[in-house]
A.B. asks: 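To start, I am sharing the structure in question, which I have written as structure tokens.
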Amino acid sequence: MKVFLIGCGDIARHHGRAVVRLGGEVIGGFDISKANSDIVSAEFGCPTCSYEEIESYVVKADYVVISTPPTKRLDYVEMVLRHHVPLYMEKPVSATWEDALKIKAMADQYEGKIMVGFAHYYRPAYQKMLELV
């Protein structure tokens, strides 16, 4: 399982660690922050890339994780979906209803597979909160 990370912050690194625990590999990362990219590169022994190189990594991946702010992801989503690579996105999908509709339209156009994660749902504290509410 080869995974490419778009957005290399804390949440992306958690995803990368999970992939490695399952026997997979982080094949690269992109972040607008060189510091975050460098951390991913050091932790997973993978290269980082420039914005212009993203698609060359996407096509090598079995799936892509996007964990950028929701206001900064439409172009990344299209880069992934146009190559028919499955996509895992952190919630929320977008910052606006209009952007959510654009993502839906891209998924339809490219027959893309998108999964949206909310990993906190399974944390004991969150489950307890649900029980109490």
Side-chain angles (χ1 to χ4, degrees):
M1 174 173 36
K2 296 177 183 175
V3 177
F4 178 62
L5 305 175
I6 298 177
C8 294
D10 289 337
I11 292 171
R13 291 193 296 273
H14 285 293
H15 288 295
R17 289 179 201 119
V19 166
V20 170
R21 276 193 308 274
L22 293 170
E25 164 189 20
V26 176
I27 63 166
F30 168 78
D31 197 292
I32 59 171
S33 162
K34 182 174 177 354
N36 282 350
S37 293
D38 289 346
I39 291 168
V40 161
S41 179
E43 182 170 347
F44 299 107
C46 66
T48 60
C49 69
S50 68
Y51 178 85
E52 294 76 22
E53 297 171 302
I54 290 173
E55 290 186 73
S56 67
Y57 282 85
V58 166
V59 298
K60 298 175 197 172
D62 294 315
Y63 77 96
V64 173
V65 173
I66 296 180
S67 52
T68 62
T71 56
K72 308 281 188 215
R73 64 172 58 148
L74 282 178
D75 55 335
Y76 303 136
V77 169
E78 186 160 22
M79 285 182 199
V80 175
L81 294 181
R82 90 167 124 236
H83 292 288
H84 306 283
V85 174
L87 172 59
Y88 178 96
M89 282 193 296
E90 276 297 323
K91 57 85 184 137
V93 169
S94 66
T96 66
W97 178 248
E98 291 78 18
D99 282 355
L101 292 175
K102 289 176 186 175
I103 290 170
K104 167 78 167 83
M106 282 187 257
D108 291 343
Q109 176 184 354
Y110 298 113
E111 298 179 357
K113 295 178 182 172
I114 300 175
M115 179 177 178
V116 179
F118 181 47
H120 296 295
Y121 184 84
Y122 297 101
R123 289 187 171 184
Y126 191 85
Q127 290 296 308
K128 184 66 174 177
M129 183 189 71
L130 287 176
E131 181 183 307
L132 295 172
V133 173

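Just so it is clear, the values below take in all heavy atoms, side chains as well, and ignore hydrogens, waters and symmetry mates.
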A.B. asks: Hey, does Lys102 have a side-chain heavy atom less than 4.5 Å from the side chain of Glu78?
C.D. replies: no
A.B. asks: Find out whether Met79 and Tyr57 are in side-chain contact, i.e. whether some heavy atom of one side chain is under 4.5 Å from a heavy atom of the other.
C.D. replies: no
A.B. asks: Check whether Val116 and Val64 end up in the same hydrophobic cluster, where Ile, Leu, Val, Met, Phe, Trp and Tyr are linked by side-chain heavy atoms less than 4.5 Å apart.
C.D. replies: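 Linked, Val116 and Val64 end up in one cluster.
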A.B. asks: Which pairs with one or both residues in residues 67-86 pass ring-ring contact (aromatic ring centres under 6.0 Å, His included), sequence neighbours excluded?
C.D. replies: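 Listed once each, the pairs are Phe30-Tyr76.
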A.B. asks: Check this for me: Ile32, atom CD1, are more than 12 non-hydrogen atoms of other residues, nucleotides or ligands nearer than 6.0 Å?
C.D. replies: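 Open.
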A.B. asks: Hydrophobic clustering (ILVMFWY, side-chain heavy atoms < 4.5 Å, transitive) - are Met89 and Val85 grouped together?
C.D. replies: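 Linked within one cluster.
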A.B. asks: If every non-hydrogen atom of Ser67 is compared with every non-hydrogen atom of Glu90, which pair is closest and at what distance?
C.D. replies: CB-CG, 3.9 Å
A.B. asks: Got a donor-acceptor contact below 3.5 angstrom from the Arg13 side chain to the Val40 backbone?
C.D. replies: no
A.B. asks: Where do Ser94 and Ala100 come nearest, in terms of heavy atoms and distance?
C.D. replies: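 That would be OG-N, 3.2 Å.
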A.B. asks: Using every non-hydrogen atom in the two residues, find where Phe4 and Cys49 come nearest and quote the distance to one decimal.
C.D. replies: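 Closest approach of Phe4 to Cys49: CZ-SG, 3.7 Å.
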A.B. asks: Does the side chain of Ile103 reach to within under 4.5 Å of the side chain of Leu74, using non-hydrogen atoms?
C.D. replies: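 They are in contact (side-chain heavy atoms under 4.5 Å apart), so the answer is yes.
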A.B. asks: Please, which pairs that meet side-chain hydrogen bond (donor to acceptor under 3.5 Å, both in side chains) have at least one residue in residues 23-36, sequence neighbours excluded?
C.D. replies: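 Pairs touching residues 23-36 that pass the test: Lys34-Asp38.
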A.B. asks: Rounded to the nearest 0.5 Å, what separation is found between the CD atom of Glu43 and the SG atom of Cys8?
C.D. replies: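 So the CD of Glu43 and the SG of Cys8 are separated by 10.5 Å.
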A.B. asks: When rounded to the nearest 0.5 angstrom, what is the spacing between CG in Asp108 and CG in Leu101?
C.D. replies: 10.5 Å
A.B. asks: So, for Ala12 and Gly7, which heavy atoms are closest and what is the spacing to 0.1 Å?
C.D. replies: CB-O, 2.9 Å
A.B. asks: Taking all heavy atoms of Lys2 and all of Ile27, pick out the closest pair and write down the distance.
C.D. replies: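 Taking every non-hydrogen atom into account, CB-CG2, 3.6 Å.
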A.B. asks: Any luck finding a side-chain donor-acceptor pair between Glu53 and Ser56 under 3.5 Å?
C.D. replies: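 Result is no, nothing qualifies.
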A.B. asks: For residues Gly29 and Cys46, report the shortest heavy-atom separation together with the two atoms involved.
C.D. replies: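 Heavy atoms only, the tightest pair is N-SG, 4.5 Å.
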A.B. asks: For a 4.5 angstrom cut-off between non-hydrogen side-chain atoms, does Val65 reach Ile11?
C.D. replies: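 No, too far: nothing below the 4.5 Å cut-off.
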A.B. asks: Determine yes or no for a side-chain-to-main-chain donor-acceptor pair under 3.5 angstrom, with Arg73 supplying the side chain and Val93 the backbone.
C.D. replies: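 Present.
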A.B. asks: How many angstroms lie between atom CG of Asp75 and atom CE of Met106, to the nearest 0.5 angstrom?
C.D. replies: 8.5 Å
A.B. asks: Using the rule that Ile, Leu, Val, Met, Phe, Trp and Tyr join whenever any side-chain heavy atoms are under 4.5 Å apart, tell me whether Val26 and Val59 fall into a single cluster.
C.D. replies: no
A.B. asks: If we only count heavy atoms from C-beta on, is the Tyr63 to Val19 side-chain gap below 4.5 Å?
C.D. replies: yes
A.B. asks: Quick one: do Ile66 and Tyr110 end up in the same hydrophobic cluster if we chain Ile, Leu, Val, Met, Phe, Trp and Tyr together by side-chain heavy atoms under 4.5 Å apart?
C.D. replies: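 Yes, Ile66 and Tyr110 fall within the same hydrophobic cluster.
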A.B. asks: If Ile, Leu, Val, Met, Phe, Trp and Tyr residues are connected whenever their side-chain heavy atoms lie under 4.5 Å apart, and connections chain through other members, are Tyr51 and Leu81 in the same group?
C.D. replies: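 In one cluster with Tyr51: Leu81, yes.
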